[in-house]
There are 2 protein chains.
Amino acid sequence: MSEATQLFTFLPYLLSITSNAVSGRIAQEYREQFGLSVPEWRVMAVLGDRGPQTQRVLTSLTLMDKVAVNRACKVLETRTLASRRPNEQDGRSHLLELTDIGQAMHGEIMPLAVAMERHLFRVLDTDEVAQLRSLLERVRDTAGDLDGPSTDSGNFGLL
Amino acid sequence: MSEATQLFTFLPYLLSITSNAVSGRIAQEYREQFGLSVPEWRVMAVLGDRGPQTQRVLTSLTLMDKVAVNRACKVLETRTLASRRPNEQDGRSHLLELTDIGQAMHGEIMPLAVAMERHLFRVLDTDEVAQLRSLLERVRDTAGDLDGPSTDSGNFGLL
DNA sequence: CAAAATTCGTTTCAATCACAACGAGTAGTC
DNA sequence: GACTACTCGTTGTGATTGAAACGAATTTTG
């Protein structure tokens, strides 16, 4: 019994539980306030922050799957939060940019995001937040980008 | 641009990325080594640690959905890693326990789990691991158990 | 003890997501 | 300029997930 392997004491487990709790709260808030999913919000955040981008760039900036990015973009487009403009340097891709409505929503979302972050981590003081950030970054780099963009599926064993 | 809202600097985002990277690595390892999914592994860990349990107890101990627990149990049963014994104190539920084969696998898995943990967090020294654990626990408690067991779905607005 | 409410486990269904396959466009090679 | 190889975006498909609905068993209430 109780071989010091209590599951709860597992750091990966604790990490997963904590992340799910935080992500769940945030997702719930975005959904209720703006009807946005997390992928959609992430795309909006990048577009508002960096200006018009291709889907390719968006996938590498959000570290999401390219399919997820594509669907998020379609939703944003149908909701007229973003629009597509042809990319003159490459006929395959389009440039996505926020519309005026999208800009306005972005202006409301970002303060909310900052407030959420402050609220969820309110038990930590400034130094502790910095510590946590540093620790997580190091672990992330060690664990490797396993959930990074899918680097265009397969196409490896061709030669 | 760059209103200090770089997405990457978002702690919830960093937390999510890091957790996914770690979980992904671990899930991959369990799948390759034992053909177990994460839910299945968690159930095994608890059963090996605490002895026979009902599904109800398993859901609260693993903080997973009761459906996920049920499915994991079914898989473990068909693979003859666990078996069901009638619960004499409550005719609705069964007691799940590891078979000899399940016990043996549990004996192999736990050392691997410990090794994985040590490997994934090898960039941190002992003090830093303790720090990280403490920080995560506090954040988890603050964010609330949003991913806790589904406390039996709805049945609220009945009166 | 009969009726109502609750709980455990299971099944069903709908939404979500990753992976593979595809067409259109581009770049490289000869 | 044709042939090949590659990239971007999209669509389709299969697997995973969670919420609701359900039957069976138990507890509670009158």
Side-chain angles (χ1 to χ4, degrees), chain A residues 16 20 23-24 27-28 31 35-40 42-43 53-78 82 84-96 145-159, chain B residues 16 20 23-24 27-28 31 35-43 53-78 82 84-96 146-159:
Chain A
S16 171
N20 286 347
S23 295
Q28 178 190 17
R31 192 163 4 102
L36 289 178
S37 71
V38 170
E40 287 152 23
R42 283 183 181 169
V43 169
Q53 304 291 342
T54 67
Q55 288 189 21
R56 169 76 185 86
V57 175
L58 287 171
T59 61
S60 76
L61 285 179
T62 58
L63 290 186
M64 297 191 303
D65 191 86
K66 66 179 178 179
V67 179
V69 170
N70 180 15
R71 290 203 250 258
C73 289
K74 275 201 289 190
V75 171
L76 294 181
E77 204 181 1
T78 44
R84 286 171 205 246
R85 174 159 45 92
N87 183 358
E88 292 161 6
Q89 289 152 8
D90 191 330
R92 294 167 295 182
S93 61
H94 298 261
L95 246 42
L96 264 108
D145 293 35
L146 193 82
D147 58 346
S150 61
T151 59
D152 217 18
S153 321
N155 295 10
F156 286 116
L158 282 185
L159 185 141
Chain B
S16 171
N20 285 347
S23 295
Q28 180 189 16
R31 193 164 3 103
L36 288 178
S37 72
V38 170
E40 288 152 22
W41 171 78
R42 283 182 181 171
V43 168
Q53 304 291 341
T54 66
Q55 287 189 23
R56 169 76 185 86
V57 175
L58 287 171
T59 60
S60 76
L61 285 180
T62 58
L63 291 185
M64 297 193 301
D65 190 86
K66 65 179 179 180
V67 180
V69 170
N70 181 16
R71 289 202 252 257
C73 289
K74 277 201 291 189
V75 172
L76 293 182
E77 205 182 0
T78 45
R84 286 168 204 247
R85 173 158 47 91
N87 182 359
E88 293 162 5
Q89 289 152 9
D90 191 329
R92 294 167 295 185
S93 61
H94 297 261
L95 245 42
L96 264 109
L146 194 83
D147 58 345
S150 61
T151 60
D152 218 15
S153 320
N155 295 11
F156 288 115
L158 282 186
L159 185 140

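Order of the sequence lines fixes the chain letters, A, B, ..., with proteins taken first and strands second; residue numbering starts at 1 for each chain.
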Report each atom pair, protein N/O against N/O of nucleotides 10-14 of chain C, whose distance is under 3.5 angstrom.
residue	atom	partner	partner atom	Å
C:dT10	OP1	B:Arg84	NH1	2.6
C:dT10	OP2	B:Gln55	OE1	3.1
C:dT10	OP2	B:Gln55	NE2	2.5
C:dT10	OP2	B:Asn70	OD1	2.5
C:dT11	OP2	B:Lys74	NZ	3.0

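Atom P of nucleotide D:dT26 and atom CD of B:Gln89 are separated by 12 Å, given to the nearest angstrom. One can place CG of A:Asp90 at 7 Å from P of C:dA27, the figure rounded to the nearest angstrom. For the pair B:Met64 CE and C:dG9 P, the computed distance is 13 Å after rounding to whole Å. Taking atom CG of residue B:Leu96 and atom C1' of nucleotide C:dC8, one finds them 13 Å apart after rounding to whole Å. In this structure, CG of A:Leu63 is placed 16 Å from P of C:dC17, rounded to the nearest angstrom. Between the CD atom of B:Gln28 and the P atom of C:dA18 there is a distance of 16 Å, given to the nearest Å. Rounded to an integer number of Å, the gap from B:Asn20 CG to C:dA18 C1' is 13 Å. Following rounding to the nearest Å, A:Arg85 (CZ) and D:dC8 (P) show an atom-to-atom distance of 19 Å.
A donor and an acceptor atom sit less than 3.5 Å apart, one in the side chain of A:Arg92 and one in the base of D:dT7.
By the 4.5 Å heavy-atom criterion applied to side chains, B:Arg42 and A:Ser16 are counted as neighbours. Here the side chains of B:Thr54 and B:Leu96 are not in contact, with every heavy-atom distance at 4.5 Å or above. A:Gln55 has its side chain within reach of A:Cys73: a pair of non-hydrogen atoms, C-beta onward, lies under 4.5 Å apart. Taking 4.5 Å as the limit, every side-chain heavy atom of A:Thr59 sits out of range of all side-chain heavy atoms of A:Asn70.
Summarising the geometry of B:Val75 relative to B:Thr78, their closest heavy-atom pair is O-OG1, 2.9 Å, with the distance given to 0.1 Å. Contact detail for B:Gln53 and B:Val57: the closest heavy-atom pair is OE1-CG1, 3.3 Å. Contact detail for A:Glu40 and A:Leu76: the closest heavy-atom pair is O-CD1, 4.1 Å.
Heavy atoms of A:Ser37 sit nowhere under 4.0 angstrom from any nucleic acid atom.
In terms of position along DNA chain C, the nucleotide closest to A:Ala68 lies nearer the 5' end than the nucleotide closest to the other residue of the pair A:Ala68 and A:Gly91. Between A:Pro39 and A:Glu88, the one whose closest nucleotide on DNA chain C sits nearer the 5' end is A:Pro39.
To the nearest 0.5 Å, the span separating CE on A:Met64 from CG on A:Leu58 amounts to 8.0 Å.
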Paired and unpaired positions of DNA chain D as dot-bracket, Watson-Crick or G-U wobble under 3.5 Å, | denoting a partner strand: ||||||||||||||||||||||||||||||
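The side chain of A:Ser93 approaches D:dG9 more closely than any other nucleotide in the set D:dG9, C:dG9, C:dC19.
For B:Arg84, the salt bridge (Lys or Arg N to Asp or Glu O under 4.0 Å) test picks out B:Glu77, with sequence neighbours left out.
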